[in-house]
A.B. asks: 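First the structure, which I've put down as structure tokens, then a few questions once you've had a look.
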Amino acid sequence: MLARIILTALPLLAVYLFTQLRWMRFKQYGKLPQPKPSLLWGHMRALYEVMSRGKEDRHVDGVFAAMSDDLGNPPFMYIDLRPVGRPMLIVNNHEAAEQITRATKFYPWSVPKSPTIKDLGEDWKRLRKVFNPGFAPSHLITLLPAILDKTDIFLEHLDLYAKTGEEFLLNKLLINLTFDIIGAVLTDTSFDAQHLDPSKRGELIRLYDELVNTFDNNSSGSRWWLAPRVGWKRYRLASRIDVLLKDLIHREYAEMRKLDSGSTQKKTPTKKSRSVLSLSLQAWDDLTEDNVREAADSIKTFLFAGHDTTSILLAWLFYELSRTPRALQAVRDELDDLFGPDTDPKAVRAKMLAPGGDDLVSRMSYVSAVIKETLRLHPPAGTARYPLPGSGFTMRTPAGEDVCVDGLVIYNCATIIQRDRTVYGETADDFLPERWLGDTDTSAEADSPAVEDNKGEIRDDKKIPPAAWRPFERGPRNCIGQELANIEARVIVAAVARRYDFVKLGLGEFDVSEKGKPVVDEKGRYKVIEELYNTMQVTAKPVDLMRVKVQLAAKAPASLA
Ligand code: HEM
């Protein structure tokens, strides 16, 4: 009897599953632009086909860009990776991206972050308020001495490499520098991240390094069950990092309380620390377990989000400058004007720390244009959002049609958006800092988040719409650390750009003439033998971590003062 029921039910089940599958593949998001789906594979075959056309290990943004070209560059496109991954919407144009990151009545803090990141909802708003003052430009500028101290160690290493002629991975050196800086800015403690001998580095950076190394190209997915051993290793490393950070928070708080005990106002800090952590600890009356966990989680996020991205910006920036003699000269001229002809980093440091030094940092307008252009061409990160299934969240097509995209992971692909030919014209792929002159303010205030007016339109009145430059993303959930990244980058460029010449090796190496001179192309840039590209290493990093040699520039003094 049972067997007969099963036999009757099986074909019915098969028909049901088949109908469901057909609906999922062809109907559910059928109105969205997409490659031709297959009933069994969704878009996995289409994705594989595009991937196999280029470098196997290139960053997925490059694959999406090729796919978008194939589809005639729609504002967004649908990719169905079920059952291996969640179905996705890749956003390719700035007006569409703005629909995701702006505040709306539906989502007052913009569309929630991707399902792989815990979205804290209201808690996020409270926490961001706690940490915002620590990341305000007026506060960050007071941390210049800490940034300069860490930069000095970096310069010593560059001098050493210049002397020995040894090749090295510039991105790695910069990762250690930016980790040291973010550590000092956040916690006022030295993380000792810059020792050339890795065994001498601080425990936190060693654990972070190990953790990041678990995210190689093959195992970077968040689905631990696809690689349980890697998942377990990540869990163990994250737990050890947690213990170290909680310990640090307890020590910092105890120090504050000890110093406060003589004061009538319990929360008035008498400790001179200006770290972001110490500022935020003042918001808490008691150090409850919940507070400690929250602070540790936030510091962990800041450490992670705040060093890798900035190091990538700097690695690409020095490379682009080395390849574009016109831009390098303009940077050097600006630094001469602002800091005087003495190119010794100690002289630059003295000027920055003297009264009015912060003004000099803010007047580096060509350098700011270089930073802006580097982030346009090589954005280290992007945002992924997730409107909950069944929420009815819609996006508007250029034809004015509203299409439901709830349940999709929505990825604003900055790499595609920031090279949009309809915005940046024929020079969309060129390194051209001059396009930003007069428009270099990258601060959160200049963000002028596009406002949804009554018609749901976006108001933009600049030549290049602000929304078309979004390496830090926009709207209420944008990057809290963008000012810090900007200040860091300007200080490091001021100290480095006139002292050193970087020479790329391997991918991205310059083509040279018979006389051994680099060959200049029609746009005034050095021709390369083979283009350097990004690969996915948690963030988008140069595939070889920027293999270079360094030399002292012609005008640089022979040794650091
Ligand atoms: C060049 C450097 C940097 C780039 C390109 C960058 C980029 C980004 C991007 C694209 C996001 C996602 C925003 C979104 O989902 O809408 C983000 C978020 C974030 N970034 Fe950065 N970032 C940089 C530096 C920093 C620094 C120095 C910090 C220091 C703490 C930092 C901390 C954060 C945090 C905490 C978030 C989450 C913000 C939130 O959800 O409220 N970032 N960043």
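Whatever order the structure lists them in is the order used to number ligands and atoms, beginning at 1.
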A.B. asks: I'd like the name of whichever of Phe302, Phe304, Phe135 reaches closest to atom 35 (C) of ligand 1 through any heavy atom.
C.D. replies: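 Heavy atom nearest to atom 35 (C) of ligand 1 belongs to Phe302.
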
A.B. asks: So, does Thr101 sit close enough to ligand 1 that a heavy atom of it is under 4.0 Å from the ligand?
C.D. replies: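 Not so, Thr101 does not reach ligand 1.
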
A.B. asks: Would Arg86 count as a cation-pi partner of Tyr386, with NZ or CZ less than 6.0 Å from the six-membered ring centre and within 45° of the ring normal?
C.D. replies: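 Yes - Arg86 lies over the ring of Tyr386, closer than 6.0 Å to its centre and within 45° of its axis.
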
A.B. asks: Return the residue, atom name and 0.1 Å-rounded distance of the protein heavy atom closest to atom 26 (C) of ligand 1.
C.D. replies: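 Going atom by atom, the protein heavy atom closest to atom 26 (C) of ligand 1 ends up being Gly306 CA, 3.3 Å.
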
A.B. asks: What residue and heavy atom of the protein are closest to atom 21 (Fe) of ligand 1, and at what distance?
C.D. replies: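 For this ligand atom, the closest protein heavy atom is Cys479 SG, 2.3 Å.
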
A.B. asks: Within 45 degrees of the axis of the six-membered ring of Tyr424 and under 6.0 Å from its centre: does Arg376 put its NZ or CZ there?
C.D. replies: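 Yes, cation above the ring, under 6.0 Å and within 45°.
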
A.B. asks: For the residue pair Phe191 and Phe179, categorise the inter-ring angle as parallel (less than 30°), tilted (30 to 60°) or perpendicular (more than 60°).
C.D. replies: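 The rings of Phe191 and Phe179 sit tilted, inter-plane angle from 30° to 60°.
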
A.B. asks: So for atom NZ, which belongs to Lys300, do other residues, nucleotides or ligands contribute more than 12 heavy atoms lying within a distance under 6.0 Å?
C.D. replies: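 Yes.
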
A.B. asks: Between Gln194 (side chain) and Lys150 (backbone), is there a donor-acceptor pair under 3.5 Å?
C.D. replies: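 Answer holds: yes.
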
A.B. asks: Any idea which protein heavy atom is nearest atom 16 (O) of ligand 1, and the distance to it?
C.D. replies: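 Heavy-atom neighbour on the protein nearest atom 16 (O) of ligand 1: Arg385 NH2, 2.6 Å.
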
A.B. asks: Do the non-hydrogen side-chain atoms of Val361 and Met352 ever get within less than 4.5 Å of each other?
C.D. replies: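 Answer yes - side chains close enough.
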
A.B. asks: Near Asn478, which atoms of ligand 1 are under 4.0 Å from a heavy atom of that residue?
C.D. replies: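 Ligand 1 atoms under the 4.0 Å threshold to Asn478: 38 (C).
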
A.B. asks: Which atoms of ligand 1 sit under 4.0 Å from any heavy atom of Ile182?
C.D. replies: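 Ligand 1 atoms under the 4.0 Å threshold to Ile182: 29 (C), 30 (C).
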
A.B. asks: Decide yes or no on side-chain contact (heavy atoms from CB on, under 4.5 Å) for Leu204 and Arg206, but give the supporting numbers first.
C.D. replies: CA-CA 5 Å; Leu204 205 55; Arg206 280 187 280 129; over 6 Å; no

A.B. asks: In the protein, what heavy atom is nearest to atom 33 (C) of ligand 1, and what distance, to one decimal place, separates them?
C.D. replies: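 Residue, atom and distance for the closest contact: Ala305 CB, 3.6 Å.
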
A.B. asks: A side-chain contact here means heavy atoms from C-beta on lying under 4.5 Å apart; do Val292 and His250 qualify?
C.D. replies: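 In contact.
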
A.B. asks: Is there a polar contact, in the sense of an N or O pair closer than 3.5 Å, between Lys113 and ligand 1?
C.D. replies: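 Yes; the residue has a nitrogen or oxygen that sits under 3.5 Å from a nitrogen or oxygen of the ligand.
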
A.B. asks: Write out the residue and atom name of the closest protein heavy atom to atom 24 (C) of ligand 1, then the distance separating them to 0.1 Å.
C.D. replies: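 Ranked first by proximity to atom 24 (C) of ligand 1 is Thr309 OG1, 3.4 Å.
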
A.B. asks: Would you say ligand 1 has an N or O under 3.5 Å from any N or O of Thr383?
C.D. replies: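 Yes, since at least one N or O of Thr383 sits under 3.5 Å from an N or O of ligand 1.
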
A.B. asks: Can you pull out the closest protein heavy atom to atom 39 (C) of ligand 1? Residue, atom name and distance to 0.1 Å, please.
C.D. replies: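 Ranking protein heavy atoms by distance from atom 39 (C) of ligand 1, first comes Arg128 NH1, 3.5 Å.
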
A.B. asks: Looking at atom 6 (C) of ligand 1, what's its closest protein heavy atom, distance included?
C.D. replies: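 Ranking protein heavy atoms by distance from atom 6 (C) of ligand 1, first comes Phe472 CD2, 3.6 Å.
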
A.B. asks: Within the 4.0 Å heavy-atom shell around Pro380, which atoms of ligand 1 are there?
C.D. replies: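 Numbered from 1, ligand 1 contributes 5 (C).
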
A.B. asks: Which residue and non-hydrogen atom of the protein lie closest to atom 9 (C) of ligand 1, and at what distance in Å?
C.D. replies: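 Among all protein heavy atoms, the one nearest atom 9 (C) of ligand 1 is Pro471 O, 4.0 Å.
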
A.B. asks: With a 4.0 Å cut-off on N to O distance, would you call Arg419 and Asp61 a salt bridge?
C.D. replies: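 Looking at Arg419 and Asp61, the cut-off is not met.
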
A.B. asks: Taking C-beta and beyond as the side chain, do Asp242 and Lys246 meet within less than 4.5 Å on heavy atoms?
C.D. replies: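 Yes, at least one pair of side-chain atoms sits under 4.5 Å.
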
A.B. asks: Give yes or no for whether the N/O distance cutoff of 3.5 Å, strictly under, is met between Arg477 and ligand 1.
C.D. replies: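 In this structure, Arg477 places an N or O atom under 3.5 Å from an N or O of ligand 1.
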
A.B. asks: Go through Phe502 and Tyr319 one step at a time and tell me if the ring pair (Phe, Tyr, Trp, His ring centres under 6.0 Å) criterion holds.
C.D. replies: CA-CA 7 Å; Phe502 292 97; Tyr319 174 64; over 10 Å; no

A.B. asks: Is Leu303 in contact with ligand 1, taking contact as a heavy-atom separation below 4.0 Å?
C.D. replies: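 Under 4.0 Å: no for Leu303.
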
